[in-house]
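The structure appears below as structure tokens.
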2 protein chains.
Amino acid sequence: MSQTARNDQTRRAPTMADVAQVAGVSHQTVSRVLSNHPNVRESTRAEVQRAIEQLGYRRNSSARALVTRRTLALGVVACNPTLFGPSSTMFGLEEAARDEGYMVSSVTLRTYTAPALKDAIDQLSDWGVEGIVVIVPHRAAVGALAELKLPFPVVTVEGGHSLPIAGVSVDQELGARLVTGHLLEAGHRTVWHVAGPPDWLEAGARTQGWRATLEEAGAEVPPPLAGDWTPLSGYRAGQELVGRMTGVGARGGALPVTAVFVANDQMALGVLRAFREAGLSVPGKVAIAGFDDIPEAEFFAPPLTTVRQDFAAVGQASIRMLIDQLESGVVRPDERVVIEPRLIVRGSSTPT
Amino acid sequence: MSQTARNDQTRRAPTMADVAQVAGVSHQTVSRVLSNHPNVRESTRAEVQRAIEQLGYRRNSSARALVTRRTLALGVVACNPTLFGPSSTMFGLEEAARDEGYMVSSVTLRTYTAPALKDAIDQLSDWGVEGIVVIVPHRAAVGALAELKLPFPVVTVEGGHSLPIAGVSVDQELGARLVTGHLLEAGHRTVWHVAGPPDWLEAGARTQGWRATLEEAGAEVPPPLAGDWTPLSGYRAGQELVGRMTGVGARGGALPVTAVFVANDQMALGVLRAFREAGLSVPGKVAIAGFDDIPEAEFFAPPLTTVRQDFAAVGQASIRMLIDQLESGVVRPDERVVIEPRLIVRGSSTPT
DNA sequence: CCGCCCTCTGTGAGCGCTAACAATACCCGG
DNA sequence: CCGGGTATTGTTAGCGCTCACAGAGGGCGG
């Protein structure tokens, strides 16, 4: 314990040189042991290991990063992480990164403006990340991102396919087609739609898929209502729909409301409540379907038909893509991974 | 653009020396400008700024960290972040840290074992974090944490108050007392309880508050059921309770099931479904209350009485505590911040 | 008009580590 | 018993930055 007689300065973390001294070797040998270099005699290796443990030595990551020019750090820019989708994605992403030996640090955006995004990215890059994943499915933000010309690889999640940035996404349009088709097949003359905020790419794609399906089936396309992903906004939209069903005479055309595709499960919950309060049974009077398959959806009243997205897979795919670009040194702005969603049919859309 | 004639080696990020050369000053002056040192002539400062912009220079954080011995990095160890509470906490925490100029990187645990926790912390500290926040409200994990004797400050979130580690938490017991009291006041002879996993500290505290309230009121204490936080487990517990209400003759004592306090909102959703399926109206036949106040709770059928926790405040408080210890250099293992929860009464517990 | 202080700028060292090379020891066939 | 490899270890030179100190001007009181 009284290893180094002269080492009683202010307690400072032990350095490689300290370990070397204790083990009776050079600092370079310690380095070799640490990085598992083959050409180290077994006995020496053991000696060094012992010294490391005795001193509680830990390699200084800053010094290492300085000379190797690798920080092994990745950044994630995310929007409101209390939403189920983004937070699940981040979970999968973080796990995948850790498995590959990278650390990830995240910045969450308060607002979805271009300057906020730029700030976030600046912070991340000031901090030395080698690449970033941007989970900001927001039209303006993605546009701003494309113009930034960053000096490191970027991968977007749900960033749309129009811009030349590598990206991973779930096929939102397909998901919307699946639900809408399902509703149509159940015999509904048309399907109403409560959309997400228009500046969200996912919302746009879902609306798009819904509309296309109706048109292809020759069904009339009712005007979509809009929400902001929250249950409350869904509730309001639901009340609006209730008004169209029970109001004195249909306003405008007499397109019946018998099926509603809601752009996410949280809003669907609000819609459900609005119908319940109006005494309109689901699925008796109206069939409802959502999107996302949050863990609660199965237990709604009634259980919600919805579209399941594999968020963890999205996270993993994005990290893999990022690391791949990083380690190959090749930036592939056209790379795309599209993950297929799956229709989950439950009681809210089936007469049973 | 053809600034440095000889600088056409492999494109490498510009260094402070490059900036200095372009601005016609020494690298030290550049450093001074960057760190806002007062003693720099205004014209010089402008010159340097221009050079910085022209070159797109960014200070190398590793080099800086190496010499200053400050990484300005904080770590967070979290459990399953798809749960509403933890992810909201992380959100608040990350924001607070960023405001203070720190970056945070997180590691999520797959399992709640002591080795997993140790691994996570090792990774974080290998990466040079200056302190960590541990959001692992798990009995075993917190115990393991206490024994680790880490060389940097640690703050726990919901880690209980028995161990000498600084911590922030919501007064879970108070929350449980509030709901249970509310139910008792509504005239119920007793209140049943669907608890969380027994090894979660929060679950224990909630059960504790529930039991104490019943005992103090002289009410009989029914055996608590247990769930695992998921809606499904709540559903199962709900079925069990339904069995006790409608079963042929009460098994054991005939303690009536007229009120249930469920340890979180997700499980309460499951319980709600079980009663609904059994044709038992809520709150007509049974009053139900949850805990957390997730955004969906207000839109359940019926809207759920619950206890609101200010997760963002928890995150902020924990970061403030951590940074405080960091910058003062004083570790305060006895420091505690307790945040009061609030009862939110909704339709699931009021006869209206 | 000199010396002192204050403002501004430059020089040198070194943070803890890895990479490249140099050095040493050891083994083998001839 | 010697030359040339191979395994193992040491030496040196930075990575890009900040800190401590040294130097160079300029203003001003005496």
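Letters go in sequence order (proteins before strands), and every chain restarts at 1.
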Please determine if a side-chain N or O atom of Thr44(B) lies less than 4.0 Å away from the OP1 or OP2 oxygen of dC8(C).
no

Taking Thr44(B) for its side chain and Val40(B) for its backbone only, find out whether a donor-acceptor pair lies under 3.5 Å.
no

Do Arg59(B) and Asp126(A) sit within salt-bridge range, that is, some charged N less than 4.0 Å from a carboxylate O?
no

In this structure, how many angstroms lie between the P atom of dT9(D) and the CD atom of Glu47(A), rounded?
11 Å

With side chain to side chain donor-acceptor pair (under 3.5 Å) as the rule and sequence neighbours excluded, what pairs involving residues 134-143 of chain B come up?
His138(B)-Asp199(B)

For each nucleotide in nucleotides 10-17 of chain C, reading 5' to 3', give B when a protein heavy atom comes within less than 4.0 Å of its base, S when such contact involves only the sugar-phosphate, and - otherwise.
BBB-BBBS

Salt bridge or not between Glu95(B) and Arg98(B)? Use side-chain N to carboxylate O under 4.0 Å.
no

Thinking salt bridges, do Asp324(A) and Arg320(A) make one under a 4.0 Å N-O criterion?
no

For side chain to side chain contact (heavy atoms under 4.5 Å, CB included), just list the numbers for Val168(B) and Gln316(B), CA-CA rounded to whole Å, side-chain angles, deciding distance to a tenth of an Å, and then say yes or no.
CA-CA 10 Å; Val168(B) 177; Gln316(B) 278 167 31; over 6 Å; no

Would you call Arg50(A)-Glu47(A) a salt bridge at under 4.0 Å N-O?
yes

In whole Å, I'd like the distance from the CG atom of Leu72(A) to the P atom of dT18(C).
12 Å

Between the side chains of Asp18(A) and Arg58(A), is the shortest nitrogen-to-carboxylate-oxygen separation below 4.0 Å, so that they form an ion pair?
no

Residues from residues 33-43 of chain B lying under 4.0 Å of DNA chain D - heavy atoms:
none

